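Let me begin by presenting the structure, written as structure tokens, before commenting on it.
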Amino acid sequence: MPEAASETAPMLLMRGIVKQFPGVRALDGVDLEVLPGEVHCLLGQNGAGKSTLIKVLAGAHQPDEGTIAFGGQEVRLSSPTAAIRLGISTMYQELDLVDGLSVAENVFLGHEPARLGFVSQGEANRATRELLARLGHGEIRPTTEVGRLSPAAKQVVSMARALSHDTRLIVMDEPSAALAHDEVANLFRIIRELTAQGVAVIYISHRLEEIREIGDRVTVLKDGRTVAVGLPAKETPTSQVVALMTGRNVEYVFPPRRAEPATGAEVLRVEGLTVPGVFTDVSFSVRAGEIVGLAGLVGSGRSEIIEAIYGARRFSGRVILEGRPVRRGGTTGAVRLGMGLAPEERKAQALLLGESVARNITLASLGRYSRLGWMDRRREAEDARGMVAALDIRPPDPERPVRTLSGGNQQKAVLARWLINGRKLLLLDEPTRGVDVGARAELYAVVRKLADEGIGVLLVSSEVPEVLGLADRVLVIREGHIIHEAGAGELDEHRVLDMIMEGSAL
Amino acid sequence: TSNEPAAAPSTAAAAPAPAATGGNDAPGEKVVIGFSAPAADHGWIAAIAKNAEATAKQYSDVEFKPVEPTNDINAQISAVESLIAAKVAALVILPNDGQQLNQIARQASDAGIPVINLDRVFPDKLSYRTWIGGDNYGMGVAAGHYVGKTLKDKGVADPVILEIQGIATLPLTQDRSKGFEDALKTYGFKVTAKQDAQFTVESGTKVAANLLQAHKKIDAIWNHDDDQGIGVLAAIKEAGRSEFFMVGGAGSANAMREIQADSGVLKATVTYSPTMASSAIKLARLIAQGKGMSDLVEQQVPQSITLASETITKENVDKYLPLGFES
Amino acid sequence: MRPPADERAQIKVPAPAPAAEGGSLSRLGLTRLGEARHLGLVIALVLLAVVGLVTVPETFATTSNMVSILSLAATIGVITVGMTFVIIGGGIDLSVGAVMALASVWATTLATQSYGPFVMILCAVLVGTGAGLVNGLLIAYGRLVPFIATLAMLVAARGLAQRMSDRKTQLVQQGNQTIVELSTTRVLGIPVLVYIFAVVVVLGWVLLNRTTFGRRTYAVGGNPEAARLAGIDVRRHTMLLYALSGLCCGIAAVLIMARTTTGSSTHGDLYELDAIAAVIIGGTLLTGGRGTIIGSILGLLIFTVITNLFILNGLNTSDQLIAKGLIIVVAVLLQRRSLESRT
Amino acid sequence: MRPPADERAQIKVPAPAPAAEGGSLSRLGLTRLGEARHLGLVIALVLLAVVGLVTVPETFATTSNMVSILSLAATIGVITVGMTFVIIGGGIDLSVGAVMALASVWATTLATQSYGPFVMILCAVLVGTGAGLVNGLLIAYGRLVPFIATLAMLVAARGLAQRMSDRKTQLVQQGNQTIVELSTTRVLGIPVLVYIFAVVVVLGWVLLNRTTFGRRTYAVGGNPEAARLAGIDVRRHTMLLYALSGLCCGIAAVLIMARTTTGSSTHGDLYELDAIAAVIIGGTLLTGGRGTIIGSILGLLIFTVITNLFILNGLNTSDQLIAKGLIIVVAVLLQRRSLESRT
Ligand SMILES: Nc1ncnc2c1ncn2[C@@H]1O[C@H](COP(=O)(O)OP(=O)(O)OP(=O)(O)O)[C@@H](O)[C@H]1O
Ligand SMILES: Nc1ncnc2c1ncn2[C@@H]1O[C@H](COP(=O)(O)OP(=O)(O)OP(=O)(O)O)[C@@H](O)[C@H]1O
Ligand SMILES: [Mg+2]
Ligand SMILES: [Mg+2]
């Protein structure tokens, strides 16, 4: 198919696109060429400019320089509507849904089926139901309020919206970040359907194996510039792609595990933990120096387990930290006892986006930098600077608003918040979501180093290879129960997948 | 009201024309008179401000220096401070609240500036040179007598008498209510229910509409203020009620025209005339120039002057109409 | 390495379902109908009615008292409808009372009155809409914070109203009594002005719930960036929301002229607080994106019934105020309770 | 169009650096110092001063006039400091004026006055803090919307103040003139009450910028969920913010007693609107998480100077209001302009 496509005229041709934000040259002359019916992958580190480029393509940003030709004609995409009219629809990276509206209302937002301004809601619901069925998610009701859906379901709604337009080119900005990998397979099925009909797809992801599976050709961005065009997705070696993206030779590997199982004291012990309706009777323990991974499907209750341990939700059962039962003191108590949580949704749950990196890092340890409430700002700044250097947060400027950092660096800032505070137990929920390859490797190294220093780590990730590669021990969760526990070395991805979906290992 | 087609005499003209009595009106030494009053967001207060300004304009020897009217005590204190700093020859002050402005008035007096206290009285006599104002208690008494006598004449036993007050937190409101109550007592009557409005048309409508629901049969209503009375009358008309009569307060031209026409429930109003502002300016001028009132024997202006509250009915309304203020 | 595609497709179905399925039916059916979320308000109203029936049985439950409550609610009710749109759309309008006053004054000047009642009505509506448009332009295109822009309008509109009326109360003249008749004429025992109120509420409800304009209002308030990316002209829509609120103020001005037979710069004092409070008690979020017209109207009725009850019982203002504060808290707690028990 | 290749290579070295390098310095140095963002306000103040110097040259620039401006600003200024905390913390407090009135009434009852001036001051401060605590409890633990909870407090506190004072103005008695002396005694030509205002501002600034409490306030307002997950007790902190605002109202009550020699249920009418407006003009976001004390005080001074200029020029109320509306819009536009030119 890609071979056939390459002979036809390009559907989209972007040349020399420049986009300047105040103080940032996000795009510095990007070229992009997409053929009809192909899956064109866009790769690049966090902050390389991928999202900015597709926002230009969606008419959401106006480029400062450069030309765009669509279907052989030069076009000006002056607004999102202009792009939609041309047949370019976009699934944005930051979910672009309105929580207060229903699924159907979101899908048809801006182009509601209407007569004289009166929405025909029945028609919208019916069309939405069809779209969702086509996406393999007939169970999502068109009338449900979107705010009540899980992130994965929201992603599906976003997809349905993109498909609700009569579209010739669909842009997907990290659609798989919120999906577990069975969901991803479903996504790929739909992408294949689309391309078979001649629709082109621009696909952005930080998971290189996905690129290999679905992609036809690859364009690599680095620092707002195109550094490689039209690489064959299946043939190009991973190392070459990574080198192009990062300018370095980063190995996409996990740091070495300790040789023998951790024998340190038990840091955390959980007994009969239950949150009714979410998970039941969960018991396990984490030793000092050990990384324990929780594997499971989206919605299997992993985040809730972590939140319950952290005191962020009500539970029954016992949580024992270093031999002492934790009383339900809420998150304040948990932090005081030495726990730290890097939550699932960085921006919504962890960061003060408008504040500086330094202030985000010290947020949970204000007490350490104050006497009688009075801040010792010099010591605070010093330590924050030290943390920025230790974790190699880039750019190494602790006073920069955290909002302007790339995803990986934001995640490092969240980790730094707990490192600076001397934790006994770290709870990591999807620590590498939306983080690029290079930064991932660095994060893995940091987590391993922490464990080696004697901290217990509980890790949740929807990427099974990550759990297997990083953790010492793996707990497999299905529908709120622990169904299997084993050393990471004894498991492979296929077995884990079988278990979390079928429970066949039981 | 401003839009009455019958070109009623202007408010300024409604102020008593300077009577040619002796040398009081002959130009004298040039004086600056400072003036401070609450915000003119209400017909009566607006008439006060206009009367003061119009009267000052009649004299070539008076420079009128008004400051920002405001309902915020704090800001009125500031305003008076600025007049003291400007060293005016006399100060006419209608305070938002006499007690709250007392200290600053005292400061003015201590600084040698004669203060003419208009209407709402300062508790400390050292704070002002002369007080001129209406008789709030007397106003209540006048209304009480009118209501009491009328009902007695009709032979109504155990009448339902309602009272619609102005702003309840003003001392003047409490004085008026006291007078009304005391006068009614002499006939053996008492007020059945009272509610306070905000001196605005709209609040009058709102309170009256609810009161009319609460009382299915009413004999008399006294409404403290003719401005809010427009709203009260509108609510009465809307409810289609007419079994009672109503007495107004303050004496606006509009109320007088209603009384004159005798077409509705409004049968009388008791005056509380904003002409007092004109008199206050005249007094300030005399005091600043060291003159007395030429009709009186004394060499100096008296320490206090209380206007009488008069009862205006269909019989005497023609006489009063030129003095009514357009609210 | 991974299970074959078709197999996975099978398995996948229930994946995000537990989240959706369980709650969706009850949540949806009810929230959309706007019944569950208003239960607390209805309970509060019923409690107030019971208090009325117990304390003043012979007056409270009469038709004439009900009509009176509705007449009282009409003016501010119309304003509340516009305010609901603005707040759902993520804004706030502090200028409503002042704009209503300005419209009432402008419509009752001698010049306007000389053209007869219909021109007066037209004038009020145009002045209201115009002021709303200015708010909208300042906020949408001048990018002023709504709080500040409408505060400035509040101050300026009151000043202008005082200036135009020379601070006098302007009577509706004999020839234009058609306007006053809106409040005095009754159809089936109910004043015309109550019908106008009802029509505005119904139109507002339809606009919010059945048209693209309403859909987009929720979107603009809930997530303006998402709305923009969906091709909605967020600025234009914002501007229209304030114009709509201004239009409602214009209609309210007609009603207040009918009720008080006057135009005055003192009309509508502090209406902004009452209207915003009614909207928020009605369950609309101050941050935008959520809310209902019915909730706002219920909230408003609670306030109106409270005042009515107090006056029927002859309570003095101080006690009224204290009780009102307590009732507000109780009403909101009741509403929260009833909402939570559902979820 | 593009810089030469080698030059680019230079810039590129740290991955997202080109973005960072340019803006960070200027952004940082200036925004942190809080100077750039206040430039517009300072310009607006200077323009107003110029107007003053031109229209009333002999009175405006006098010391006594400056002192008068500061005395006028003091009461509401103290309230504005508390309001700034509440708004940065993501809330709003509509009850400030009413709570101040209640505190002033409580402190001037005959019973309280019999214990002397210090007990009166203590009483005002305690009543204010207590009312603030009730607000805080309702909001943080009762989970009422701040707008509604503090509106209920506004209404109830006014009612209670009227009831306690029997709607009468209560004079500070002869024996307790110490309180009045706060406004009449001058040190270096400046009344003590201006010093109190200054001390409150400085303490507020220190609390916000130099203590953990201030840090937490920004965090709680900026992202309450993140604050909670970072171990901050968001509820307790929220409660303390309202108590702090109440404390400021208590102090303001002392100042208003000093200035007016009275306690009264009518004190502080509509102060809530003025204080909120000052805070927002000062650049604090109504959504929380951002803002400065200095901005709020500058915003307040703009309002006060406007009033002062009107007083000195003897403008009539209507024109004042119209002008005030326009000036607000211009000041905010100026501020926006100056902010934008920096970024
Ligand atoms: N609205 C904006 N204002 C200022 N700077 C921006 C804006 N949007 C993006 N940037 C900056 O532009 C650069 C490119 O960002 P972009 O979001 O396009 O990266 P990306 O390749 O999508 O990264 P990621 O993989 O983390 O999503 C970054 O430095 C970012 O901080
Ligand atoms: N606030 C909530 N209200 C109701 N149900 C919820 C809520 N949060 C989560 N759930 C439900 O609880 C279950 C567990 O969800 P959870 O997010 O813990 O799963 P997870 O394994 O962490 O998946 P993910 O990888 O998406 O985080 C799901 O059925 C989810 O829909
Ligand atoms: Mg991106
Ligand atoms: Mg999760």
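Just so we're on the same page: letters track the sequence lines, and every chain starts at 1. As the structure is a computational prediction, the values presented were derived from the model and not from experiment.
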Is there a side-chain contact between [X] and [Y], using heavy atoms and a 4.5 Å cut-off?
X: C/Met66; Y: B/Gln213; result: no
X: C/Ser183; Y: B/Lys237; result: no
X: C/Arg167; Y: B/Ile45; result: no
X: C/Asp269; Y: B/Glu202; result: no

Given heavy-atom pairs under 4.5 angstrom as the criterion, report whether the side chain, backbone, both or neither of [X] touches chain B.
X: C/Thr62; result: side chain
X: C/Arg158; result: neither
X: C/Leu315; result: backbone
X: C/Gln320; result: side chain
X: C/Ser318; result: neither

Look up atom [atom1] in [X] and atom [atom2] in [Y], then write down how far apart they are to the nearest 0.5 Å.
X: C/His267; Y: B/Thr205; atom1: NE2; atom2: OG1; answer: 7.5 Å
X: B/Glu326; Y: C/Gln170; atom1: CD; atom2: CD; answer: 12.0 Å
X: B/Gln228; Y: C/Thr169; atom1: CD; atom2: OG1; answer: 11.0 Å
X: B/Lys194; Y: C/Ile311; atom1: NZ; atom2: CD1; answer: 14.5 Å
X: C/Thr59; Y: B/His215; atom1: OG1; atom2: NE2; answer: 8.5 Å

TODO: Could you have a look at C/Thr184, C/Val67, C/Thr266 and say which one has the most heavy-atom pairs with chain B under 4.5 angstrom?
DONE: C/Thr266

Task: Selection from B/Thr169, B/Asp196, B/Thr200 maximising heavy-atom pairs under 4.5 Å formed with chain C - done: B/Asp196

Open item on the list: Is it the case that atom NZ in B/Lys216 sees more than 12 heavy atoms from other parts of the structure closer than 6.0 Å?
Closed with: yes

Task: Proximal component of B/Ala193, with respect to chain C [non-hydrogen, under 4.5 Å] - done: neither

Task: Toward chain B: residues of residues 254-264 of chain C with heavy atoms under 4.5 Å - done: C/Ile256, C/Arg259, C/Thr260, C/Thr261, C/Thr262

- [ ] Would you name the heavy atoms of B/Ala209 and C/Ser68 that are closest together and state the gap between them?
- [x] O-OG, 3.8 Å

Task: C/Val180 backbone acceptor or donor facing B/Glu238 side chain under 3.5 Å - done: no

Open item on the list: Under the rule for side chain to side chain donor-acceptor pair (under 3.5 Å), what residues qualify as partners of B/Asn210, not counting sequence neighbours?
Closed with: C/Asn308

